[in-house]
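See structure below.
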Amino acid sequence: ADDSGGGGGGTTPGANGGQIKSGLKIAVVPKAVNNPYFDAAFTGAKKACGEIGATCEQLGPTEASGSAQAQFINTVVQQQYDALVISAADANSVVPALKQAKAAGITVVTYDADVADDSARSAMVRPTTSDLVGKSLDKWISDAIGPQGGEIAILSAAATAENQNAWIAVMKQDLANYPQLKLVDTVYGDDDAAKSAEKASALLQSHPNLKGIIAPTTVGIAATAQYLSGSQYKGKVALTGLGLPSQMKAYVKDGTVKTFGLWDPAMLGYLGVYAAANVASKIDIKGGFEAGGKKYTLEDKGLVTVGPPQEFTAQNVDSFTF
Amino acid sequence: MLTVHEARKHFGGVAALDGAQLTLRTGEIHGLVGENGAGKSTLLKTLAGVHRLDSGEITFDEAPFDASSPRRAREAGVAVIYQEPSLFPDLSLAENVFVGRQPRRRGRVDWAGMRRRAEALFAELGVYLDPERRAAGLSIADQQLVEIAKALSLDAKVIVMDEPTAALSASEAERLLEVARRLRDRGAAVVFVSHRLEEVFALCDRVTVMRDGRTVAEAAIAGTTPAEVVRWMVGRELTDLFPKVPSEAGEVLLEVRGMRRAGVFEDISFTVARGEIVALAGLVGSGRSEVVRAVFGIDRYESGTVLIGGSPLPQGDPRAALARGVALVPEDRRQQGLFMVASVARNSAVVVLDRLRRFGLVSGRAERGMARDWADRLRLRYSGLEAPVERLSGGNQQKVVLAKWLATEPELLVVDEPTRGIDVATKAEVHRLLSERAARGLAVLMISSELPEVLGMADRVLVMREGRLVAELTRAEATQERIMLAATGQAVPT
Amino acid sequence: MSRLLTWDKILPVLLVLTLVVGTSLDPRFGRGNNLAFVVADIGEIMLIAFAMTLVIMTGEIDLSVASIAALTSCVLGWLVRHGVPIGLAVVLGVAAGVLCGAVNGFLITALGLPSLAVTIGTLALFRGLCWALLGDEPVASYPESWTRLGSGRFPHTYIPYVAPVLIAGAIVFTVLLHFTRSGRWIVAIGQSAEAATFAGIPVARVKTSLFLLSGFMSALAGVVYTLRFASSRPDGAVGYELLVIAAVLFGGVSIFGGAGTMWGVVSAVLFLGALRSLLLLEKVPPNALNIITGGLLLVSVIVPAAVTALQRRRKPTRNKESSCDPDSSARSPQRLPSSSR
Amino acid sequence: MTTTREFPVGLALVVVLVGTTLANNRFLSAQGRVDLMVAVAITALMAVGQTFVIVMKHVDLSVGSTLGLSAYFAAIAVRGTEGGGVFTVLLVGLVVGVAVGVLNGALVAVLRLPALVVTLGTLYVIKGIQAVLIGPRRISVDQLPDAVVDFGRSTVLGVPYLMWMCLLAGLAGGWFLRTQRAGRDLYAIGSNTPAARLVGIPVWRREILAFVVSGATAGLAGALYLARFGGVDANAGSGYELPVVAACVVGGVAITGGVGTVLGALLGAALLKTIGVSLSALSVPEFWQQAVNGALLLLAIAVDKVINDRRTRQVTVLQEVRV
Ligand SMILES: Nc1ncnc2c1ncn2[C@@H]1O[C@H](COP(=O)(O)OP(=O)(O)OP(=O)(O)O)[C@@H](O)[C@H]1O
Ligand SMILES: Nc1ncnc2c1ncn2[C@@H]1O[C@H](COP(=O)(O)OP(=O)(O)OP(=O)(O)O)[C@@H](O)[C@H]1O
Ligand SMILES: [Mg+2]
Ligand SMILES: [Mg+2]
């Protein structure tokens with residue numbers, strides 16, 4: 001990349017003494033635009049850019065797919081951005097494109113969803129560890145169902161969605177600690193409201209004794225909640241998962257959902273930009289970097305973790321903006 | 001009652017109408033004759049509201065006649081039977097008759113009533129068709145009859161028939177003429193287009209003759225003769241209509257043995273020799289086309305064999321037939337004979353592409369050359385080789401079909417109604433062409449519903465009835481009534 | 001519309017204009033690097049469009065192409081995962097695609113089912129098989145040496161490895177459609193299948209082989225897709241069928257068959273790809289891209305219609321005739337085709 | 001004659017229903033019935049309109065996008081307002097749908113453009129507009145009046161409102177196509193357009209009518225979608241077009257034009273959805289369901305064809321042996 005981007009004025013203290021260049025051009029590429037979750041993440045990115053005097057743009061496909069993202073990665077290359085912060089729609093498809101971007105001298109950082117080949121990016125900002133997510137989901141569902149336990153099922157996003165699959169894997173292991181819970185089925189709503197709702201109703205038909213559903217996807221949980229709250233199963237079948245408070249308010253209040261969780265998507269964008277900015281300014285972040293006055297360390301494979309998932313209940317659900 | 005004055009109509013370069021006149025009186029049958037492309041259909045279509053005139057005027061009962069759309073024309077009382085029947089394959093025959101004007105009761109289509117009225121009309125025409133049947137699969141003749149029922153149902157003041165008998169056999173044509181007379185006696189004016197002058201003279205009160213878009217003569221039938229009319233049409237004396245060249249029947253080329261297709265035809269066995277013209281006569285619907293379709297490989301048959309030069313021809317494979325020198329000029333030029341949107345050149349080249357290939361690639365120049373050559377030989381009236389054939393008049397289209405098949409230089413030429421809708425002059429040419437080629441050893445199998453043609457051309461006549469061969473007559477034996485007797489099922493006096 | 005100025009002749013001009021204007025607007029657009037990406041990016045669409053053009057020319061349609069591409073990719077992946085050498089896996093994958101084409105061809109020509117209906121069905125079936133095959137485990141274990149073929153370029157040039165394939169395809173298919181007997185047959189069938197039968201054209205055989213060809217080209221696209229994105233996934237290439245059909249129709253091919261040109265389609269695909277890249281560079285919001293794609297498709301049919309309309313205005317009555325003159329309408333049947341045929 | 005055309009589809013539907021119920025008694029439990037009917041309602045409603053178009057040998061691929069767009073407008077029309085709203089939602093949906101229908105119709109009928117190309121174009125255009133308007137701002141249930149949300153779930157006589165809407169539309173459409181001249185005109189046009197012009201049928205007006213009806217049902221379907229899912233996002237309705245066409249085809253509405261009934265289309269839609277749902281109820285493995293679904297779809301098309309052929313052959317033979 002041409003370092004002219006760094007030209008001029010004020011600078012912000014990086015981690016190890018280095019200075020973050022101002023005037024960096026940073027591109028944020030979500031899995032898909034038109035998605036509230038990524039929209040929230042982008043607000044965080046903009047905040048960070050404001051702080052470090054960088055300019056940032058969000059550009060991404062309308063349908064979440066790696067092949068569609070490739071076009072936007074190319075655009076980023078042609079427009080000679082300094083850094084690219086991307087959530088991979090699927091872990092593999094974008095790898096070749098990202099490598100070309102890297103070869104063109106663009107700093108690549110992934111957020112929210114990582115790529116399979118960690119040599120394709122400098123760092124990955126993940127919301128939290130798969131371990132934490134999986135375990136909390138199990139905990140929430142068992143609390144919701146109660147000690148008597150019973151059959152549970154998972155309603156996920158696309159069958160090929162990397163992070164969902166990672167969480168599901170953890171859930172399955174961790175269920176060993178909940179002998180009263182029995183995972184009977186896993187279905188996929190492809191993050192499509194209609195399909196998710198139909199899958200939910202199908203689940204309840206094929207599993208008469210189903211006691212709970214885990215939907216680790218913002219679209220899936222909202223659709224399932226909408227179905228349950230209007231069906232005879234309301235209150236009888238517990239539901240938890242990962243969802244946006246703004247969309248779930250109604251269902252928490254009417255008792256369809258007791259507890260669900262998420263992290264603040266904004267933090268993903270925020271840290272993503274900081275990590276990228278540091279690397280783009282030739283600052284070595286192996287030892288970690290500073291953002292918003294807080295220091296974040298890099299685990300192995302360049303992972304940065306935001307923190308434990310935030311728990312939402314009737315008490316606190318109103319107090320969140322995303 | 002209805003007059004057309006100085007009608008002019010151009011299609012791009014072509015002047016289809018160039019000062020045509022027509023005067024219709026109440027209660028008359030008015031013949032309209034002329035060579036192919038003379039402008040008959042175009043004139044009629046202006047009455048029907050299909051075409052608008054470039055200039056000229058039409059008056060109806062002394063008032064200017066507004067034929068700006070088919071509906072207007074119909075409401076004004078003009079019913080048209082087009083040269084090319086156009087039914088709705090998926091609708092019942094009853095609905096075909098009344099489409100757009102279905103009888104209603106309490107604001108709803110009255111299906112029972114519609115059926116009854118259709119039955120009545122069919123009875124009046126002596127048509128034996130089930131009004132509930134879908135129109136899909138009707139033979140041309142049956143379609144034509146439904147069209148006529150449609151026109152009848154309108155009981156219009158002016159009824160225009162564009163070559164209604166072209167597809168009909170003698171008996172059916174006769175029935176139609178009856179209907180026409182009845183309409184006249186009801187006080188309607190009937191316009192009757194036909195290339196069969198004997199019909200025109202049998203039926204019409206007066207006749208208008210067109211040539212090159214102009215009206216060249218108008219006369220009372222009583223006051224004229226076929227010869228004179230032909231002279232007006234052609235603009236010259238016409239030589240023999242059936243220029244039969246005597247030819248020696250060579251060795252047998254086509255032999256059909258016990259061919260059968262349930263419900264369509266039964267144990268069909270016959271032969272055609274080189275240099276011989278064999279006619280296949282019979283009423284429409286007797287299955288003649290089905291037989292030749294099966295021979296050429298369009299349809300399959302359940303049993304029997306077809307031999308060409310002694311060796312069997314595989315079933316259902318037109319390419320094999322072509323390769324063995326068999327050519328079929330199909331009965332239905334618009335659907336089967338031509339690619340209507342394609343150019344004259346493309347149409348006449350499509351069956352001989354192999355011969356037009358240079359290094360495996362089709363040469364457009366060779367294609368056009370060949371087409372031009374044939375167009376000239378058949379005196380085709382065309383605006384250009386690149387013009388789509390749909391722009392040609394009926395007769396000229398038929399010429400293109402012939403050109404296409406003759407170009408394959410066949411040994412056996414099967415022609416199904418080769419002169420349907422063709423004017424006398426062209427007819428004579430086609431006939432000359434056929435007999436000349438026969439004389440040079442071509443074997444010809446000809447389906448024809450025109451007995452004069454059959455008698456004039458054939459060395460032998462095969463008669464079909466209800467899917468069976470019921471008689472074989474030598475040129476000497478063959479006479480009008482013998483053929484009709486056989487075709488209609490009375491015993492044949494031998 | 002007039003002989004001289006037809007849509008398929010306008011398209012190449014549009015393409016060149018886009019390249020010239022685009023580059024002068026924004027030099028980055030004209031960079032070899034970007035153009036190379038555009039070419040690679042339209043690769044799959046172009047490959048499928050070649051065959052789709054022929055299929056549509058005969059008056060049929062194939063909606064299952066994207067599913068076939070995906071199935072090829074999944075078969076390929078499944079085999080590689082089970083230790084089959086990749087070269088062989090590619091061959092078998094393509095074979096699978098051709099088999100899919102055979103299924104379409106059989107259902108359409110042997111059973112006489114309408115292709116639109118059939119390929120809506122096989123679209124679902126083949127995609128379903130993808131899921132059945134790989135489920136939630138995409139395959140990405142492809143050797144660098146192969147994936148480079150998908151995303152890489154000839155050394156020291158901008159030319160992507162697919163480019164020669166596309167050029168060869170363009171030449172072969174242009175010749176096939178416009179200068180060979182088979183090409184004439186395809187056009188003829190599209191103009192009137194019945195007349196074609198009477199002309200001794202083996203209609204069923206031609207159509208069957210076209211669906212096989214469509215299967216083969218889709219399979220090829222599937223392989224390219226797999227290498228370019230270094231992975232096989234059941235939801236790969238979703239929705240490509242409409243993109244391809246849109247491109248072919250935009251290329252001036254008549255949906256009723258019997259009319260169209262290969263150069264029209266080729267320039268259409270390139271034009272759409274170039275335009276898209278240009279718009280993205282100019283920061284047109286992705287949501288607006290759909291509007292433009294659709295708008296262009298409409299333009300491609302409205303413009304010719306408008307031109308004809310203008311010519312009509314000079315001879316006031318033309319369109320009434322071609323519209324309702326029974327003798328001048330290729331689609332008004334005389335012997336009505338019985339629906340059993 | 002046409003009645004027999006629907007029979008096989010109806011039969012298949014019954015078989016699937018009974019079979020699945022035997023295997024899983026919950027399938028037609030009170031809740032099961034409601035879920036099934038709600039699932040069927042939206043596609044079936046669009047199939048009613050699509051029938052009008054396909055009978056004319058056209059096709060309307062823009063219905064999915066139309067659904068999405070009208071759902072959005074319906075949503076913002078009642079967003080925030082308390083109480084009432086159902087009527088507004090339906091009305092707005094209808095209006096938007098009609099507007100799209102007029103656009104399609106005008107392009108196809110007046111400019112004589114091929115419907116598939118036109119509606120493929122409008123599919124993209126409208127989809128784009130929808131996305132631009134909604135962007136990431138999904139409209140969720142708490143922004144909608146309860147009345148609307150309840151409308152999506154409540155039932156009368158055990159039948160959901162959504163299904164009632166669909167049935168009403170079906171009745172109206174069926175009545176029109178069967179008993180009205182204008183309705184019959186559609187069949188004539190689809191069967192042989194030039195001939196239809198010759199007998200003076202106002203073809204272009206009928207074409208516009210058909211597309212308006214299709215648009216209208218898609219618009220209503222948008223309103224129903226909003227009520228059922230208590231929200232709408234940028235992708236709502238995408239990919240609905242092919243299932244709707246498939247439903248018509250399976251229901252015996254020939255894409256070659258001129259044949260088919262609303263009843264058939266309704267049955268076709270019901271059959272396809274029911275199969276889809278029953279696959280889950282029969283616990284067919286998740287990853288096999290789509291494949292099985294596609295195979296059954298093909299089977300349905302083939303069977304319909306075979307039966308229809310046999311019928312036509314009988315008719316033809318009948319008239320061949322006449323004297
Ligand atoms: N739609 C059209 N477009 C262009 N030219 C046409 C059109 N219809 C007819 N013509 C031309 O106008 C002339 C008259 O055609 P028309 O069909 O009226 O002749 P016709 O007397 O009916 O011949 P036939 O006896 O063969 O039916 C012909 O030269 C024909 O090529
Ligand atoms: N496409 C078709 N589908 C079904 N039945 C048909 C079809 N064409 C003809 N038939 C029937 O087959 C029989 C023979 O048809 P056709 O009229 O061709 O006999 P023909 O002797 O060839 O008469 P023509 O004088 O028209 O050649 C008739 O009963 C006709 O109704
Ligand atoms: Mg004529
Ligand atoms: Mg015949």
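First the proteins, then the strands, lettered A, B, ... as listed; each starts at 1. Values in this document were obtained by computation on a predicted structure and should not be read as measured data.
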Checking F29(C) against chain A: side chain, backbone, both or neither under 4.5 Å from a heavy atom? neither

Given heavy-atom pairs under 4.5 angstrom as the criterion, report whether the side chain, backbone, both or neither of N33(C) touches chain A. both

Nearest 0.5 angstrom please: L59(A) CG to L280(C) CG, how far? 8.0 Å

From W131(C) CH2 over to T160(A) OG1, what is the distance, rounded to the nearest 0.5 angstrom? 5.0 Å

Atom of R31(C), atom of Q80(A) and distance for their closest heavy-atom approach: NH2-NE2, 3.4 Å

Which atoms of Y142(C) approach chain A - backbone, side chain, both or neither, heavy atom under 4.5 Å: neither

So, the part of R28(C) with a heavy atom under 4.5 Å from chain A: the answer is both

Measure the shortest side-chain to side-chain distance between S65(A) and D235(C) over non-hydrogen atoms and say whether it is less than 4.5 angstrom. no

Flag, side chain of Q71(A) to backbone of S277(C), donor-acceptor distance under 3.5 Å: no

In short, Q78(A) meets N34(C) closest at the heavy-atom pair CG-OD1, 3.4 Å

Under 4.5 Å from any heavy atom of chain C, what part of E63(A) do you find: side chain, backbone, both or neither? neither

Heavy-atom contact with chain C under 4.5 Å, split by part of N34(A): side chain

Residue part contacting chain C, namely of A70(A), when any heavy atom lies under 4.5 Å: both

Chain A heavy atoms under 4.5 Å from R228(C): which part of the residue, side chain, backbone, both or neither? backbone

Between A230(C) and N92(A), the two heavy atoms sitting closest are O-CB, 4.3 Å

If you look at every heavy atom in D136(C) and N165(A), which pair is closest and at what distance? O-ND2, 3.7 Å

When every non-hydrogen atom of G60(A) is compared with those of P286(C), the smallest separation belongs to O-CG, 3.1 Å

Minimum heavy-atom separation for S151(C) and Q100(A), please, with both atom names. O-NE2, 3.1 Å

Residue part contacting chain C, namely of V33(A), when any heavy atom lies under 4.5 Å: side chain

